[in-house]
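See structure below.
Just so we're on the same page: letters track the sequence lines, and every chain starts at 1.
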Number of protein chains: 2
Amino acid sequence: MIFGLGASAEGSRSALQLPLVRRVREPYRGRWALPGGPLGATESLADAARRNLFETTGLAPRYLEQLYTFGAVERSPDERVVSIVYWALVRADEADQARTTENVRWMPADDLPPLAFDHDEIVAYALGRLRGKVEYSPIAHALLGEEFTLAELRDVYEAVLRRALDPANFRRQIEASGTVEPTGRFLAGGRHRPPRLYRSRVAP
Amino acid sequence: MIFGLGASAEGSRSALQLPLVRRVREPYRGRWALPGGPLGATESLADAARRNLFETTGLAPRYLEQLYTFGAVERSPDERVVSIVYWALVRADEADQARTTENVRWMPADDLPPLAFDHDEIVAYALGRLRGKVEYSPIAHALLGEEFTLAELRDVYEAVLRRALDPANFRRQIEASGTVEPTGRFLAGGRHRPPRLYRSRVAP
DNA sequence: GCAAAAGTGTTAAAAGTACACCCATGG
DNA sequence: CCATGGGTGTACTTTTAACACTTTTGC
C-alpha cells in the first residue's frame, strides 16, 4: 500500500491519497483493491513488496516498512490467503511519475469506495499507524521532495493528523528535532515573504 | 514468544524471562529456540500462535499481539520459512503453572545463549518493542496477577526499562492514567506499612 | 500602501523531576 | 523504638500551547 499527497477536495490543502487497482478477476471482480502479489521463493519480504508495487503502479518508493500480517480464515472466499502487508510513502515528484490507467487510479484515503476483501480494514489500520507514527518519527519528510518549506511540511502534518497546527510552534519543534536543515535557498514567487527551503536530514 | 517475570540474578528484583525449547531435530539440533509451529488451514494467525504456545509450554496467555513477520531468504538453511511472530505476556500466577521439562526452560531475557535460526534478532526486536510500548500503554499490568501493589507494578516497569523510577512520581503517574483502581484491600505481612492493593482497569 | 504568509518574542499552563518528610507496620 | 517501605507535599525545571507582533515579498 502506498501513500502519497494530492490536492484535497477544496484544492488549497493537500490530502493523503493512495493508488488502487481494479480487480479484473473473481472474486470481487470490478472492485478496487490494494496492489499486491505473490511472494517469490528467493526474494525477501521487502523485495517482494517493492517488486509488486512497481509492477502494478510503476512506483519505487524510498520509504517502505512492514505494516502487519493479515491472516483471518475468511479473508478470501475461495482459498486461505495470508497477506504480509507493507506500506510505502512516495514523494510528490515520484507520485507524478505514477501510471494512471483504466485499472490503476489514485484515490483520497479518507473517502474510498468499498474495497475488495478486507482491504478497507487494512487501509484503516495503516492510516491509524501513520497518524501515530508521524508524531514521533520524521516520516512526513518522505512525502515531500528534495527541498521543501516548513509550510509545506506543516501541510503534510495537517493532512495526516487532520487538524491545524500553530505555525510558530511547529517551526520551533521541527527545528529542535534536528531532522531538517536549511539549504540556504528560498522559494520566490508567492506574494509574500519568500520562505526558506529545507532538506531532510535523517539521522545516519 | 512469551515474556514473564522471574527472580533476577540478585534475587530481590524481578527480571524478564521467556521460555525456550531445545531443538531435537536438525537444523540447529540441541540449540535453544523460540516456541513455534505451523499455521493450520482453518485457524487464524492468533489462534495458531495460542495453540503452538500451549502445546509447547502449556501456557494460555491473556495478552497476545502480533510482533512482526520475518521472512529473509536465508533464515533457515534448508527451506524458505516465513515466521509470523506473536508475543505474549503472562501473569506471575500463570507462569507458575508452566511446564519445565528437559527441553523447555525459562531463561532470563537479557542473558540468553545463542539461539537457533535468527531467533536472537527476534528476541532483541521484541524487547525493543516491549520497552517502547510500556511507556505509553498499560501493558505492564499483564505481567502481574489479579491484585498487585504499586511497588510491584513499579518493579515491572523497572525490570522492563532497566532503570529506577521515583516511587512518588510513579504513583502519581499511574493514578493519573486511570488504568488501575484500588481494591480496598491491603497487603499485610511486610515489616512496614501495608500497601494498598490495586487491580488493572483496562479501558473497555 | 495593503494583503499575506514568514518568522520572532512572550507568557501561561501543563507535565515531568527531585527530594523532604510524615505514616504505619513488624520485629 | 527503630528500620523499612508506603504515601503525601512541594518546589523546580522542562515542555507544550496560545497568541501578539515584526518582517518581507507581490500586487
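Nearest-nucleotide positions on DNA chain D for B/R172 and B/R154 put B/R154 closer to the 5' end. Residues A/Q173 and A/P194 each lie close to DNA chain D; by heavy-atom proximity, the contact nearer the 5' end of the strand is made by A/Q173.
The distance from atom CG of B/D166 to atom C1' of D/dT10 is 13 Å, rounded to the nearest whole Å. In this structure, A/E152 atom CD and C/dA5 atom P are separated by 14 Å, rounded to whole Å. In this structure, OH of B/Y136 is placed 16 Å from P of C/dG16, rounded to the nearest angstrom. Rounded to whole Å, atom P of D/dG7 lies 10 Å from atom CG of B/L187. Taking atom CG on B/N169 and atom P on D/dT14, their separation rounds to 15 Å, with Å as the unit. Per the geometry, CG belonging to B/L165 stands 17 Å off P belonging to D/dG5, to the nearest Å. Straight-line distance from the CZ atom of B/R196 to the C1' atom of C/dA24: 13 Å, rounded to whole Å. Rounded to a whole Å, the CZ atom of A/F170 is 14 Å from the P atom of D/dT16.
The shortest distance between side-chain heavy atoms of A/M1 and A/P35 does not fall below 4.5 Å.
At the heavy-atom level, B/A151 lies under 4.0 Å from the strands shown only through sugar-phosphate atoms.
You'll find the ring centres of B/F148 and B/Y198 outside the 6.0 Å limit.
Side chain of A/H192, nearest nucleotide from C/dA6, C/dG7, D/dG6: C/dA6. Distance from the side chain of B/R171 is smallest to D/dG7 among C/dT8, C/dA18, D/dG7. With distances taken from any side-chain atom of A/P195 to the nucleotides C/dT8, C/dA18, C/dG7, the minimum falls on C/dG7. Considering only side-chain atoms of B/R193, the nucleotide from C/dA6, C/dC23, C/dA18 that sits closest is C/dC23.
Applying the 3.5 Å distance criterion, the base of D/dT4 shares no donor-acceptor pair with the side chain of B/R191.
More than 12 heavy atoms of other residues, nucleotides or ligands shown are found within 6.0 angstrom of CD on B/E175.
Using bins of under 30°, 30° to 60° and over 60° for the plane-to-plane angle, the ring pair A/W87/A/Y63 lands in the perpendicular bin.
Note on B/R129 versus B/E65: salt bridge recorded, some NZ/NE/NH1/NH2 to OD/OE distance being below 4.0 Å.
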